[in-house]
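Notes follow once the structure below has been shown.
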Amino acid sequence: AVHHATLANGLRVSVAPMHRLPMVTVLAMVDAGATRDEPGHEGVALLTASALTEGTARLDGASLTDQCERLGASIDAGADWDSCITHVAVTPDRLEPAMALLGEVLVSPGFRGRDVERLKEERLADLLQQRVEPRGLAAEQFREFLYVDGSRYRVSAGGSPTTVRGLTPDLVHAFHAAHVVPSRMRIVLAGDVTPERAVALVERTLGSWRGSDAASGAPPATVDDRTVAGGRRVRVVHKADAPQSELRIGHRGLPRRHPDFFDVVVMNALLGGLFSSRINLNLREAHAYTYGANSMFDWRCGAGPFVVSTAVKTEVTDAAVREILLEIDRMRHAATQALLERNDVIIVASVSCIYGMGSPDSYDANLQTLRKGEEVDRDDLVARLASRGDSAGAGRPDVAAVLLVAVVVALAALVHGVERRGRRRAAPSAVWTRGLDDLQRDGLAFAGGDDLQDRAQGLRHRAVAADD
């Protein structure tokens, strides 16, 4: 059983005793994720989380690392859209000094200028690398194509090159002071520890911590998760050196606390969440278009995206898009009993309940959802999926009529994408037109970025001239 306690300063403690192994894992989760970034400062939450383990007011980074190594412990920190999570793993006999180090990291981080600047440069290098690679470029374009202007979800959780360059140690200090407070934190201890000892250690380490009064009373983070209005659309991103076509097809998903969460996780396991799921079997095994394809819901407190991701051979781009749309449409109408009888589907759904924790406030709800997965009635689950089985989870009019967008990285994919269907090579202009028209007939309206429409028209003219 999981034991819960709340300290006088509002900090919540959850303890899950597991005495089979001599190890204790401690998670400090606080409502300080990327949705807390102020406009223009996107990326400060992840930068703050990364800088937590670079040293404290008393210890620099090297000294902190040395202290952890002497304890045989590991400590790291990171942030996602909804939470900042600091993690410590240590043996039970050294839990007390490890908790003291964790408390020091949380309450009095150093945030030295040289460390923050180094982490900034690393993040900028990561962003540059993402834009060079077709995979990262496709993910970026998908976000921008899906969500409305001004939505935090339109920009990477780690920020953009422009916003990251503007981050300073003072902004990191201010973000920490405004959001990392005990009343918005939960400490989870799991392993070889009793609830009494765990709560006493947390009380001794963090019980006197107060934090900012203004931060303690801050409302929950909100995010504009609206998508761009319209029907099905496709964006083609020209990248001349792309060795193949990167595809991203999807729409607005569901928030983590949606009542259909467990059903949707199981549905996605069937659709594209497993190696033996429908999309991968179709594109990889049946058609040999790709080495692998998958689908996922990005579970957040707001409605994150549902996205199908794959890289396919350039000449079969349009065919791959159609097969993906076909599998999504099939899933809207029925679930497969034979697949649901496999235990791996239920296991994937249950594990997702743990790793899709969202904010610290979601922890109790996740435990309840996990128990639902342990006690699932397969016949009832099949009936629910069959009655509500669209890929957004519930078949309601406001969900079923979703915007579906596709991002294709590599212009050549549409130019040559339909040649395989003819017994002879079609003229370049005909190939381009047919490739584009085929996607439009599948319900995808064309939209181009970076002056793509003009370049596409120029390509048509050059192709017609070549035909003549």
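Below, all heavy atoms of this structure are taken into account, side chains as well, without hydrogens, waters or symmetry copies.
- Side-chain N or O atoms of R154 include one that pairs as donor or acceptor with a backbone N or O of E144 at under 3.5 Å.
- Formation of a donor-acceptor pair under 3.5 Å by the T35 side chain with backbone atoms of W81 is found in this model.
- Applying the 6.0 Å contact sphere to CD of E38 captures no more than 12 heavy atoms from other residues, nucleotides or ligands.
- Remark: side-chain polar atoms of D298 are not paired, donor with acceptor, to backbone N or O of G304 under 3.5 angstrom.
- Separation of atoms CG (L325) and CG (D329) is listed at 8.5 Å; rounding is to 0.5 Å.
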Start with the C-alpha gap between F175 and D37, add the side-chain angles, then the distance that decides, and say whether side-chain contact (heavy atoms from CB on, under 4.5 Å) holds.
-> CA-CA 8 Å; F175 184 89; D37 291 343; 4.0 Å; yes
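- Using modelled atom types, no side-chain atom of S151 and backbone atom of V148 make a donor-acceptor pair closer than 3.5 Å.
- A45 and A79 get closest at one heavy-atom pair: O-CB, 4.0 Å.
- For E121, the side chain to side chain contact (heavy atoms under 4.5 Å, CB included) test picks out L124, with sequence neighbours left out.
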Step by step, work out the side-chain hydrogen bond (donor to acceptor under 3.5 Å, both in side chains) result for H179 and D31.
-> CA-CA 7 Å; H179 299 293; D31 177 13; over 6 Å; no
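- Rounding to the nearest 0.5 Å gives a distance of 6.5 Å between CE of M29 and CZ of R186.
- Residues Q129 and D126 are not in side-chain contact: their nearest non-hydrogen atoms beyond the backbone lie 4.5 Å or more apart.
- Between F297 and F306, the two ring planes are tilted [angle within 30° to 60°].
- Under the 3.5 Å distance criterion, with hydrogens and angles disregarded, no donor-acceptor pair is assigned to the side chains of H4 and R12.
- Separation of atoms CZ (R233) and CG (L146) is listed at 8.0 Å; rounding is to 0.5 Å.
- Y147 pairs by the ring pair (Phe, Tyr, Trp, His ring centres under 6.0 Å) definition with Y153, not counting sequence neighbours.
- Considering CG of L52 and CG of D76, their distance stands at 11.0 Å, rounded to 0.5 Å.
- In this structure N280 satisfies the side-chain hydrogen bond (donor to acceptor under 3.5 Å, both in side chains) test with no other residue, sequence neighbours excluded.
- When each of Q130, R123, E42 is tested with S156 by the rule side-chain hydrogen bond (donor to acceptor under 3.5 Å, both in side chains), just one qualifies, namely R123.
- Separating the OG atom in S277 from the CZ atom in R284 is a distance of 11.5 Å, to the nearest 0.5 Å.
- With values rounded to the nearest 0.5 angstrom, I328 atom CD1 is found 5.5 Å from I279 atom CD1.
- Annotation: side chain of L283 is in contact with side chain of T310 (closest heavy-atom distance under 4.5 Å).
- The pair K120-E117 meets the salt-bridge criterion, since a charged nitrogen lies less than 4.0 angstrom from a carboxylate oxygen.
- Under 3.5 Å, the side chains of Q244 and T314 contain no donor-acceptor pair of N or O atoms.
- Between D60 and R112, none of the side-chain N atoms (NZ, or NE/NH1/NH2) sits under 4.0 Å from a carboxylate O, so this pair counts as no salt bridge.
- A donor-acceptor pair under 3.5 Å is absent between the side-chain atoms of R252 and the main chain of R226, judged by distance alone.
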